[in-house]
Amino acid sequence: MLTLVSFDLFPYVQRAAIALAEKGVLFERRVVDLVNRPGWFKAISPLGKVPLLLVDNEVLFESSVIVEYLEDTQAPALHPEDPLTRARHRAWMEFGSSILADIWTIETTADAAAFSQKQALLKQKFERLEAQLEEGPYFAGARFCLVDAVFAPVFRYFDVFDRFVALGVFDGLPKVQRWREMLAARPSVRGAVIPDYEARLEAFLRRQKSHLASLMPLSVAA
């Protein structure tokens, strides 16, 4: 039994959980409080971050390493077979990680100008993705791949943002919007987070002294 050491809101944990689910691998999930990191976690996490994957007596850290290990050891394959296409997919996975960094700024910056700059940058990045997508419904067509596992947590943020603020980053991008909808409906994606994930993310956003928090109404009708 593999053990995935997790934090409830961390998107990099989700990509590992999605990969495990897509491969049908049984695993235990152990959640840690990253504000009050327990001693056992500090002892085994070199960077003090999640996810970790415990494999026998070994500890794997960094989500990119974890998903590549799963790809090497567990069927079915989620990477394409062709080396050049596989390298291209890995590059777009890194692109997805850069978007997560932009989202962190959107969530936390108190600077309205920095917020607007990141909003514009996100729009540009999703426009680049629109140009890469073909018929879909997933990144590589009909077949789910690890690029999809990376972008599903990206899109999940906007399910919460859209309730409060119209960022407009998907406007005029029908392929990206369809991709987002298809990923949201996939069982592995739905199961990668706890049932009250959206409520917990909203609570996190409201605790920030950020420009985004200032735009959020006090309450939203059910």
*What do the steps show when you test L173 against K123 for side chain to side chain contact (heavy atoms under 4.5 Å, CB included), and what is the final call?*
CA-CA 10 Å; L173 305 177; K123 175 69 171 176; 4.2 Å; yes
*asked:* With no hydrogens and no angle check, just 3.5 Å: does a side-chain donor-acceptor pair link Y197 and R156?
replied: no
*asked:* Counting the benzene-type ring for Trp, do W92 and F151 have ring centres under 6.0 Å apart?
replied: no
_If we check side chain to side chain contact (heavy atoms under 4.5 Å, CB included) with K118, which of these qualifies: D111, T105, T109?_
T105
*Around W104, counting heavy atoms of other residues, nucleotides and ligands shown, do more than 12 lie under 6.0 Å from its CH2?*
no
*Return the minimal non-hydrogen interatomic distance between R143 and A77, and the atom names on each side.*
NH2-O, 2.6 Å
*Quick one: pull up CE in M182 and CD in Q177 and give me the separation to the nearest 0.5 Å.*
14.5 Å
*Can you find a side-chain donor-acceptor pair between T3 and R30 that sits under 3.5 Å?*
no
_Between D159 and R180, does the salt bridge (Lys or Arg N to Asp or Glu O under 4.0 Å) criterion hold? Intermediate values first, please._
CA-CA 10 Å; D159 295 340; R180 174 188 176 188; 3.0 Å; yes
*asked:* Around atom CZ of R128, are there more than 12 heavy atoms from other residues, nucleotides or ligands closer than 6.0 Å?
replied: no
_Counting the benzene-type ring for Trp, do F170 and F158 have ring centres under 6.0 Å apart?_
yes
_Taking CD in E28 as the centre, count heavy atoms belonging to other residues, nucleotides or ligands within less than 6.0 Å. Is the count above 12?_
yes
*Determine, for E94 against R90, whether the closest basic-nitrogen to carboxylate-oxygen distance falls under 4.0 angstrom.*
no
*Result of checking H89, R86, E68 against H79 for side chain to side chain donor-acceptor pair (under 3.5 Å)*: E68
